[in-house]
Amino acid sequence: MVELIAKSACDGLLPKTIGSLTLSEAAPEAITSVTPFRGQEAAVSEALKAQIGAAWPAPNRMTGRAGARVVFSGRGQAFVLGPRIAPIAGAALSDQTDAWASVELSGTGAADALARLVPIDLRPGVFRQGHCARTLIFHMPGLVMHTGQDRYGLMVFRSMARTLVHDLESAMEAIAARG
Amino acid sequence: MRITCPICGARDSREFSYRGAALALQRPAPDAGDDAWADYVHLRENPAGDTRELWYHEGGCGAWIVVTRNTVTHEVRSAELAAEVAR
Ligand SMILES: [Zn+2]
């Protein structure tokens with residue numbers, strides 16, 4: 001049997017600190033896509049609460065806490081970022097753990113750096129902690145989460161990991177250059 | 001231009017991609033005849049005023065949306081989930 005060595009999406013690229021901002025890889029234990037069948041949201045919400053203590057989220061919102069979140073990820077779809085979950089009657093599940101590059105941008109000015117790349121209103125009074133959005137990160141479709149004070153989680157398709165890091169570095173450098 | 005996705009809320013137009021007139025929701029019956037099918041496949045209105053179009057929220061939630069837009073004023077008058085328009 002060949003011994004394969006697992007590599008994370010941003011292996012060798014992160015962490016990086018530029019000025020007040022730090023970019024680090026933040027891959028969850030597992031990423032599971034959950035899509036309830038028509039009319040099954042309430043039942044699926046109960047099942048998620050029983051398994052990981054977090055309910056089905058409204059659009060643009062996430063529930064739970066670091067290490068066990070349910071995050072709105074599209075029309076009729078949410079991602080469980082946390083432990084692997086057991087099958088749920090009334091929903092289609094798919095394991096996407098290795099399909100995404102997940103990073104965290106933190107530090108004073110994190111929202112200003114992201115505002116250079118993301119076309120939504122990121123002011124903390126509008127895009128609050130616990131809010132998330134499927135939107136663009138420069139040219140890439142992605143998922144943006146406001147996880148804490150000056151702290152954001154970002155996800156793009158794994159094939160775009162290097163581009164994600166490059167684009168975020170450019171924005172971090174531009175913020176640092178302004179002093 | 002901003003489009004209010006029924007799921008995500010108001011978003012910049014760069015998040016959306018354009019499909020064309022919202023005709024796919026009125027597909028003729030298989031036996032509707034050559035004229036109806038030629039019209040459906042090839043002929044488009046070019047209104048100065050309100051027009052209904054299909055947009056895809058590609059850089060967002062992935063929903064197909066019927067957008068009613070005014071070609072003269074550029075006003076986006078409404079945006080509805082295509083799945084509900086078709087129902
Ligand atoms: Zn949307």
Side-chain angles (χ1 to χ4, degrees), chain A residues 33-41 56-62 70-79 92 94 96 99-100 114-123 125-128 130-146 154-157 160 163-164 167, chain B residues 1-30 40 44 50-87:
Chain A
S33 153
V34 180
T35 52
F37 303 135
R38 192 169 291 167
Q40 296 293 307
E41 278 88 353
W56 182 255
N60 303 328
R61 295 291 184 274
M62 52 192 184
V70 186
V71 183
F72 166 82
S73 62
R75 178 181 170 232
Q77 183 195 72
F79 285 164
S94 79
Q96 303 201 8
W100 294 82
L114 283 183
R116 290 172 175 256
L117 305 173
V118 176
I120 63 171
D121 190 344
L122 289 165
R123 288 173 297 173
V126 178
F127 190 69
R128 300 174 185 209
H131 289 202
C132 67
R134 279 309 296 261
T135 180
L136 296 174
I137 302 171
F138 210 28
H139 298 125
M140 297 169 287
L143 178 58
V144 179
M145 299 168 278
H146 192 176
L154 303 152
M155 291 167 59
V156 299
F157 303 136
M160 302 173 185
T163 307
L164 176 71
D167 291 347
Chain B
M1 187 171 97
R2 285 162 78 75
I3 294 172
T4 299
C5 170
I7 292 173
C8 304
R11 293 293 181 88
D12 192 277
S13 64
R14 88 189 81 161
E15 290 190 3
F16 299 84
S17 55
Y18 175 73
R19 157 79 189 268
L23 278 179
L25 303 173
Q26 291 117 40
R27 191 181 169 87
Y40 173 75
R44 294 291 174 270
D50 283 355
T51 181
R52 281 163 70 77
E53 300 164 332
L54 275 173
W55 292 75
Y56 178 51
H57 198 185
E58 182 179 30
C61 68
W64 280 98
I65 298 165
V66 177
V67 174
T68 305
R69 190 173 67 85
N70 190 296
T71 58
V72 177
T73 64
H74 304 299
E75 180 193 2
V76 174
R77 298 173 66 86
S78 71
E80 309 150 84
L81 285 180
E84 285 175 8
V85 174
R87 200 167 282 164

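Proteins come first, then strands; the chains are lettered A, B, ... in the order of their sequence lines, and each starts at number 1. As the structure is a computational prediction, the values presented were derived from the model and not from experiment.
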Legend entry - Contact origin within A/A133 toward chain B - heavy atom pairs under 4.5 Å: both
Inset, instruction - Answer with side chain, backbone, both or neither: which region of A/I120 has an atom nearer than 4.5 Å to a non-hydrogen atom of chain B? - result: side chain
Legend entry - Residue among B/G62, B/A63, B/C8 with most heavy-atom pairs under 4.5 Å to chain A: B/C8
Mind listing the donor-acceptor pairs under 3.5 Å that bridge chain B and chain A?
from, atom 1, to, atom 2, distance (Å)
B/C8, O, A/N60, ND2, 3.0
B/R11, NH1, A/R134, O, 2.8
B/E15, OE2, A/T135, OG1, 2.5
B/C61, O, A/R75, N, 2.9

